[in-house]
Amino acid sequence: MITLKSLEAVFGENGLGYFEYLVNKNRGGISNNKGNTFENFFTVYKIAKSFNENINPGDIYFSSQVFCFVDDLVVEQLAERNHWFYQIKDIASLEWNNRPENSVRDDFKNQHAICVREGIHPYLSLVVSDKIVYDHLIATKPDDIRTFVKVVNFRPATSLNNLIRDNANIREELIKMCALENPSSDKLNTLAAILLGVWDSTDKKKVSLKEVLDRCYNISPHYIKGFSRRISKGLEEIIKSINGLDYKVEGGFLKWNFRNTDEGVIQYRIGSTEFEKWENDLYNATILTFEDLEPFLVS
Amino acid sequence: MGRIFEKSANKEVISLLDKLVDKKTESKEYAQTMYKLGNEFGNLILEKMIDPYDEITLACTVEDADYLGRGIIDVLEGKGKRIFLTVFWNKRFNPGNESSLAVAPIIREFHEEGYKNVRTMIIIKSVISNSCVVRTNLTRLIEESNPSQILIVAPVLLNGAIKNLENEFEEDIIRRFEYLYFAEDDKRTEQGFVDPGIGGDVYQRLGFESQAGKNRFTPEIVKERRYK
């Protein structure tokens, strides 16, 4: 977050003018940032990517519409002082020098200057939905920002379902984040909708990955990869006693199959309180056949 | 605008739809009514099939399997068609504040062997409103099969449901869709059910009480066909 003081430290007497510009920019951004938007889709992608990169979830924070020059999404890794700044544009045309003052180019240049002054390692990206715009921005990138600004093409979609089908970047990250091997689209769609729903329900100000995950874990099924690789001996005995019933543990979830006609995934993650309660309910029941077990498989 | 009936909705069909809407109809009779509507659809489907000798996959949700689903299957199998039944147990919920975020993951599924290798696929649902469940189940099926004809069957649709559904698929898939329904409604109740639709919450009308209740249930048709 930029302050008037930090602007004056870098830009001298022009600091106040920049401060007023950022007040207006910030106000405009916040009013257009709910729900199924391109910005939120990109944020879901970055959240999934951070999870897959095994970054300490308590040390990485996501913020939207931050009071700064490159403001649509800011990801901060506090311990390393790494900050990723994204300006996200779902538009059909864009120029670096789109305005005489406070152009896209100026915003990136100014953001870089502020970060350098504050001892932050900045990673600055302009994210665009349109491939033609992307190619144009790459071809016309000004020399004075060439070394520290990256242009990213992130394919847009009218819905999460379409996004997962058409955008290979997000699909790949969701597949890695998902507990199940070769997950079907309904599992990926559920995982993405939960991430988006959770993100959208926060105030989007310094939300840690840990907070996002904790909120996701309260929703069943969430299909986020866990670490348990086995089930208890007692549960294994119940499953093995039923002829034709087989199971696998995938990413901390219990996947079952009966005679290749019936299959499913227990909706609670192994080791969670809900799973332990579910397991306890099984121990308290008399389970001799698959038909005895059926009512418990979807509880 | 109110309810608009399709041409295929004859007097008998309209009286069956009225029975669904009637709150006095008990769950047993409600289920029988769904079965009879299934029979009506069965006859319509026979006319629509692109290849009369084809094998057919019929996919439905757990709550529709014994009634609407069985009604269709009995007619088609009665005419010598080979049906591969697929049943999905969906858990529908909304992890966000917007209706567009609603999801319906498949938490359990039943398939008869051969369901992937058909030319005609029928996907049925007692009512289609925002099409979340139909979209989920259809996407799941076409991930692993390549039917040339996809019949989407429901006694009642909410106006706009077809557009919602088609927004979620590519043109190549949409070309294969054909819709069979008897009535289209244009409003919802305060609780979000299509009005008059099929008379409110289908889980409750069929006696399941809730979504969790219907998901604990295994349809008789699944039990019969599992060991076939």
Side-chain angles (χ1 to χ4, degrees), chain A residues 34-37 40 157-166 180 182-202 215-216 218-223 244 253 255-268 290-291 293-299, chain B residues 62 84-115 130-133 135-144 164-170 173 211-219 222-223 225-228:
Chain A
K34 291 296 281 179
N36 267 333
T37 61
N40 282 340
T158 52
S159 70
L160 262 186
N161 193 45
N162 292 337
L163 184 75
I164 294 165
R165 187 190 61 224
D166 297 336
L180 307 175
N182 301 315
S184 53
S185 56
D186 62 296
K187 309 299 186 293
L188 295 180
N189 200 41
T190 300
L191 172 55
I194 289 173
L195 291 174
L196 178 53
V198 163
W199 167 247
D200 204 31
S201 68
T202 67
R215 288 190 189 208
C216 291
N218 286 328
I219 301 171
S220 289
H222 54 69
Y223 301 120
F253 280 76
K255 195 172 174 183
W256 59 270
N257 182 297
F258 181 65
R259 292 168 56 98
N260 288 329
T261 54
D262 296 67
E263 61 179 290
V265 179
I266 301 302
Q267 59 177 312
Y268 312 120
F290 180 69
E291 283 70 20
L293 183 64
E294 278 189 285
F296 295 94
L297 293 172
V298 186
S299 56
Chain B
V62 55
F84 302 106
L85 176 65
T86 275
V87 179
F88 292 115
W89 284 251
N90 298 89
K91 181 177 177 180
R92 195 174 187 287
F93 63 98
N94 192 333
N97 301 322
E98 291 195 11
S99 61
S100 62
L101 273 189
V103 286
I106 298 159
I107 42 184
R108 182 181 168 191
E109 51 201 288
F110 167 84
H111 302 283
E112 283 185 293
E113 199 182 339
Y115 76 100
N130 77 351
S131 74
C132 174
V133 172
R135 181 249 295 164
T136 301
N137 296 347
L138 190 50
T139 305
R140 170 84 177 84
L141 286 167
I142 57 180
E143 271 179 335
E144 49 183 20
N164 278 344
L165 185 67
E166 294 189 349
N167 280 340
E168 303 289 337
F169 291 92
E170 291 171 302
I173 301 294
Q211 174 167 240
K214 66 101 183 167
N215 276 341
R216 277 193 291 270
F217 174 74
T218 300
V222 167
K223 292 179 188 169
R225 296 171 86 99
R226 180 182 287 149
Y227 299 102
K228 234 175 39 172

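Residue numbering restarts at 1 for every chain, and letters A, B, ... go by the order of the sequence lines.
Of the two parts of Asn260(A), only the backbone, made up of N, CA, C and O, holds a non-hydrogen atom closer than 4.5 Å to a non-hydrogen atom of chain B. Neither the backbone nor the side chain of Val87(B) comes within contact range of chain A; no heavy atoms are under 4.5 Å apart. For Arg165(A), the part lying under 4.5 angstrom from a heavy atom of chain B is the side chain only. Interface residue Ile219(A): only side-chain heavy atoms are found under 4.5 Å from chain B. Neither the backbone nor the side chain of Phe253(A) comes within less than 4.5 Å of any heavy atom in chain B.
Of the listed residues (Gly244(A), Ala192(A), Ser185(A)), the greatest number of heavy-atom pairs within a distance under 4.5 Å of chain B belongs to Ser185(A). Contact tally against chain B (heavy-atom pairs below 4.5 Å) for Glu263(A), Glu291(A), His222(A): the top residue is Glu263(A).
When all heavy atoms are compared, the tightest approach of Lys91(B) to Pro221(A) is CD-CD, 4.0 Å. For Ile107(B) against Val298(A), the heavy-atom pair with the smallest separation is CD1-CG1, 3.2 Å. The nearest pair of heavy atoms linking Ile106(B) to Lys187(A) is O-NZ, 2.9 Å. Contact record, Ala193(A) with Val103(B): CB-CG1, 3.5 Å, taken as the closest heavy-atom pair.
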Working note: Phe93(B) + Thr190(A), criterion side-chain contact (heavy atoms from CB on, under 4.5 Å); need CA distance, chi angles, decisive distance, verdict. CA-CA 9 Å; Phe93(B) 63 98; Thr190(A) 300; 3.9 Å; yes

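Few gaps surround CG on Asn218(A); more than 12 heavy atoms of other groups in view lie less than 6.0 Å from it. Atom CD of Glu113(B) is surrounded by 12 or fewer heavy atoms from other residues, nucleotides or ligands within 6.0 Å.
Each of Arg108(B), Arg216(B), Lys223(B) was compared with Glu294(A) under the side-chain hydrogen bond (donor to acceptor under 3.5 Å, both in side chains) criterion, and only Arg108(B) meets it.
The closest side-chain heavy-atom distance from Glu168(B) to Asn162(A) is below 4.5 Å.
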